[in-house]
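Notes follow the structure.
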Amino acid sequence: MSTATAGGAATPGRASSAPPATPHVAKKKSVLGTRPWLAAVFLLPALVLLGALVVYPIGYSVYRSFFDASGNGFVGLDNYTEMFSDDATKTAIKNNIIWLILAPTISTALGLIFAVLTERVRWATAFKLIVFMPMAISMLAAGIIFRLVYDQDPDKGVANAMWVSVHDSFSASSPFPGAHPRPAAGLTESAGGSFTTQDTVRAGSPASIPLVAAKRDDISGAQDAKAARPEAGKITGTVWFDFTKGGLGKEGAIDKGEKAMADLKIEAVKDGKVVAKTTSAADGTYTLPAKAEGAQLRLPAWNFSAPYNGIDWLGPSLVTPAIIGSYVWIWAGFAMVLIAAGLAGVPRELMEAARMDGANEWQVFRRVTVPLLAPVLSVVVVTLMINVMKIFDLVYIIAPGPSQDDANVLALQLFQSSFGTDVNQGLGSAIAVLLLLLVLPVMFVNIRRIRRESRR
């Protein structure tokens with residue numbers, strides 16, 4: 001072996017003693033971009049809070065669910081057995097299923113409709129602001145608002161005020177609710193609430209019917225009652241409010257200043273059949289044809305029936321749908337904003353291509369827009385499903401006491417079992433564990449979706 005000298009000649013037998021240069025290798029960092037121990041230092045406070053506020057309560061709830069109400073006696077799975085045999089818990093599970101199906105579906109559908117339709121109007125921003133505004137209201141305030149909206153009294157509840165207005169536009173209301181004949185007037189009340197004269201009527205002999213107990217507002221603008229004149233071959237009479245201020249009037253007689261009762265329906269009945277009918281005039285008088293002679297006079301129950309007060313929104317049958325309606329009012333804006341953001345990223349050329357191929361707007365919406373928005377729609381639906389499983393405050397505030405059992409949900413049942421009248425935190429913990437198990441599959445689906453999208 002030879003080596004080169006300074007003069008350029010090679011010297012045999014000598015090798016270079018200098019070691020080869022090695023490249024500098026930097027110390028490998030973790031995925032977080034820093035040293036693991038340093039990342040652990042910064043994450044430690046968050047991990048401590050997470051353990052104290054999430055992990056420990058979950059673990060303790062599972063542990064507590066195996067003990068009795070006092071917390072001293074181990075009962076095994078008895079709390080879980082009691083939970084599924086309790087009618088209140090069964091109702092809560094049933095209502096949670098109804099919530100899980102209806103609330104996210106309706107909210108997402110409305111959000112999709114609002115997001116698509118508002119793209120074509122100039123005032124879209126103002127509309128979206130109005131629809132999204134309920135999100136700024138707390139659940140407590142929203143519950144109080146809708147407790148008033150669903151009030152049974154049409155003078156207080158907006159829902160029944162509108163419903164009664166529509167109903168009264170197509171169906172006339174009774175003129176004198178609560179009124180009835182004087183006991184000495186010779187009329188008997190039937191089971192249906194109508195009043196029938198005991199004696200039959202004769203042509204040429206006026207048959208007057210004195211009534212009492214009419215409301216002041218119903219007769220305040222009425223005319224003074226007028227005594228009916230006898231007419232040959234006809235049945236005549238007067239229906240009036242037989243009451244004089246100060247009690248100075250005479251019972252059964254039309255005194256000066258006593259008010260007529262107009263628009264009352266009067267029927268002539270023979271052998272259980274109506275042979276003639278009429279309505280009292282503005283001065284309280286009425287006239288029936290000759291075929292009514294020998295018949296009994298009947299005042300139908302409609303004349304005195306209570307006014308229509310609308311729907312019992314918070315009754316046992318409608319309380320859950322009514323509360324779901326309030327939830328949709330709040331969360332439809334949330335769905336609309338997310339879907340509108342996703343819609344902004346949809347390639348418009350795909351829609352235009354579909355229109356050029358002859359598709360109408362419904363086909364474009366169903367076959368192009370909705371499939372492209374599927375990832376966003378799944379985010380909205382899953383988020384609302386998780387939120388719905390924990391619903392508590394709206395049900396607790398809106399549902400009145402008599403209907404609260406019918407509107408019961410798992411979160412409310414958990415609260416009542418743990419802190420209500422019959423305190424049993426073992427049973428409440430079992431319900432909490434059930435609620436956690438029901439939420440976990442939805443959370444698992446959401447995590448899988450997030451991971452799948454992060455790989456794209």
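Side chains included, hydrogens not; waters and symmetry mates left out as well; all remaining heavy atoms used. By convention here, the first residue in the shown sequence is residue 1.
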Report task. Assess whether side chain to side chain contact (heavy atoms under 4.5 Å, CB included) is satisfied between D224 and K259, documenting all intermediate values. Result -> CA-CA 4 Å; D224 290 345; K259 299 298 181 179; 3.2 Å; yes
Query raised in the report: Roughly how far, to the nearest 0.5 Å, is OG of S326 from CH2 of W331?
Result: 12.5 Å
Report task. On the 0 to 90° scale, with breaks at 30° and 60°, tag the Y396-F392 ring pair as parallel, tilted or perpendicular. Result -> parallel
Requested in this report: Kindly say whether V158 contributes a backbone atom to a donor-acceptor pair with the side chain of D151 at under 3.5 angstrom?
Outcome: no
Query raised in the report: With a cut-off of 6.0 Å (strictly less than), are more than 12 heavy atoms of other residues, nucleotides or ligands near CZ of R367?
Result: no
Query raised in the report: Got more than 12 heavy atoms from elsewhere within 6.0 Å of NZ, K226?
Result: no
Report summary line: Separation between CZ (F146) and CE (M139), nearest 0.5 Å, reads 11.0 Å
Report summary line: Looking only at heavy atoms, the pair that brings T278 and Y286 closest together is CG2-CB, 4.0 Å
Query - Worked check of side chain to side chain contact (heavy atoms under 4.5 Å, CB included) between Q425 and F419 - result: CA-CA 8 Å; Q425 294 187 354; F419 309 105; 3.9 Å; yes
Query raised in the report: Under 6.0 Å between the ring centres of F241 and F176?
Result: no
Query - Side-chain heavy atoms of L427 within contact of T89, under 4.5 Å - result: no
Query raised in the report: How far does CG of N309 sit from NE2 of H167, to the nearest 0.5 angstrom?
Result: 10.5 Å
Using distance only, find each side-chain donor-acceptor pair of residues 92-99 under 3.5 Å and give its atom names and separation, not counting sequence neighbours.
| residue | atom | partner | partner atom | Å |
| --- | --- | --- | --- | --- |
| N95 | ND2 | T91 | O | 3.4 |
| N95 | ND2 | D406 | O | 2.9 |
| N95 | ND2 | N408 | O | 2.7 |
| N96 | OD1 | L410 | N | 2.7 |

Query raised in the report: Under 4.5 Å between any side-chain heavy atoms of L211 and P181, yes or no?
Result: yes
Query raised in the report: Just wondering, do D68 and D78 contact through their side chains at under 4.5 Å, heavy atoms?
Result: no
Requested in this report: For A359, check side chain to side chain contact (heavy atoms under 4.5 Å, CB included) against everything at least two apart and list the hits.
Outcome: A354, Q363, V364
Report summary line: Distance col, row N79:CG vs F67:CZ, nearest 0.5 angstrom, shows 10.5 Å
Query - Crowding at NZ, K277 (>12 non-hydrogen neighbours, <6.0 Å) - result: no
Query - Polar side-chain atom of S194 near backbone of S190 as donor-acceptor pair, under 3.5 Å - result: no
Query raised in the report: Any sub-3.5 Å donor-acceptor pair from T238's side-chain atoms to G284's backbone N or O?
Result: no
Query raised in the report: With distance as the sole test, does Q223 use its side chain to make a donor-acceptor pair with the main-chain N or O of A260 at under 3.5 Å?
Result: no
Query raised in the report: So do L318 and D312 actually touch side chain to side chain, heavy atoms under 4.5 Å?
Result: no
Query raised in the report: Heavy atoms, side chains only, cut-off 4.5 Å: are W329 and I137 in contact?
Result: yes
Report task. Enter the distance from M261:CE to D218:CG here, rounded to the nearest 0.5 Å. Result -> 8.0 Å
**Report entry** OG1 on T118 to CD1 on I113, rounded to 0.5 Å
**Finding:** 11.5 Å
Requested in this report: Give a yes or no on whether the backbone of A399 and the side-chain of S403 come within a donor-acceptor separation of less than 3.5 Å.
Outcome: no
Report summary line: Closest non-hydrogen atoms of I339 and A115, given as atom of the first, atom of the second and distance, are CG2-CB, 3.9 Å
Query raised in the report: Is V388 close to M385 at the side-chain level, that is, under 4.5 Å between some pair of heavy atoms?
Result: no
Requested in this report: Indicate yes or no for a side-chain donor-acceptor contact from T108 to the backbone of T105 under 3.5 Å, with no hydrogens or angles considered.
Outcome: no
**Report entry** Sole candidate of T197, L187, V274 that passes side-chain contact (heavy atoms from CB on, under 4.5 Å) when paired with R298
**Finding:** V274
Requested in this report: May I ask you to check whether over 12 heavy atoms, not counting those of F74, lie within 6.0 Å of atom CZ?
Outcome: yes
Query raised in the report: Does the side chain of S65 come under 3.5 Å of the side chain of Y80 through a donor N or O and an acceptor N or O?
Result: yes
Could you pull out every donor-acceptor pair under 3.5 Å between side chains of residues 431-443 and any protein atom, sequence neighbours left out?
none

Query raised in the report: Between S378 and P375, is there a donor-acceptor pair closer than 3.5 Å when you use the side chain of the first and the backbone of the second?
Result: yes
Report task. Report the C-alpha distance between K156 and L148 in whole Å, list the side-chain angles of each, state the deciding distance to 0.1 Å, and finish with yes or no for side chain to side chain contact (heavy atoms under 4.5 Å, CB included). Result -> CA-CA 7 Å; K156 299 178 181 178; L148 296 175; over 6 Å; no
Query raised in the report: Any side-chain heavy atom of D86 sitting closer than 4.5 Å to one from Q413?
Result: yes
For residues 39-61, please give each side-chain donor-acceptor pair under 3.5 Å, one per line with the distance, not counting sequence neighbours.
| residue | atom | partner | partner atom | Å |
| --- | --- | --- | --- | --- |
| S61 | OG | P57 | O | 2.8 |

Query raised in the report: CG of D153: more than 12 outside heavy atoms within 6.0 angstrom?
Result: yes
Report task. With sequence neighbours left out, write down each residue that passes side chain to side chain contact (heavy atoms under 4.5 Å, CB included) with A109, or none if nothing qualifies. Result -> none
**Report entry** Note, F365 side chain near L373 side chain (heavy atom, < 4.5 Å)
**Finding:** no
Report summary line: Note: R147 and P400 closest approach over all heavy atoms is NH2-CB, 3.6 Å
Requested in this report: Test F334 against L384 for side chain to side chain contact (heavy atoms under 4.5 Å, CB included), laying out the working first.
Outcome: CA-CA 10 Å; F334 167 81; L384 292 180; 4.1 Å; yes
Query - Non-hydrogen atoms of A276 and K291 that approach each other most closely - result: CB-CE, 4.1 Å
Report task. Report, as yes or no, whether the 6.0 Å neighbourhood of atom CZ on R348 holds more than 12 heavy atoms from other residues, nucleotides or ligands. Result -> yes
**Report entry** Contacts of D168 that satisfy side-chain hydrogen bond (donor to acceptor under 3.5 Å, both in side chains) - sequence neighbours left out
**Finding:** none
Query raised in the report: Quick one: does D263's side chain have a donor or acceptor within less than 3.5 Å of a partner on T279's backbone?
Result: no
Query - Under 3.5 Å: donor-acceptor pair, side chain of T285, backbone of A281 - result: no
Report task. Looking only at non-hydrogen atoms, find the nearest pair between N424 and A69 and report the distance. Result -> OD1-CA, 3.4 Å
Requested in this report: Identify the two heavy atoms, one from Y150 and one from A159, that lie closest to each other, and give their separation to 0.1 Å.
Outcome: CD2-CB, 4.2 Å
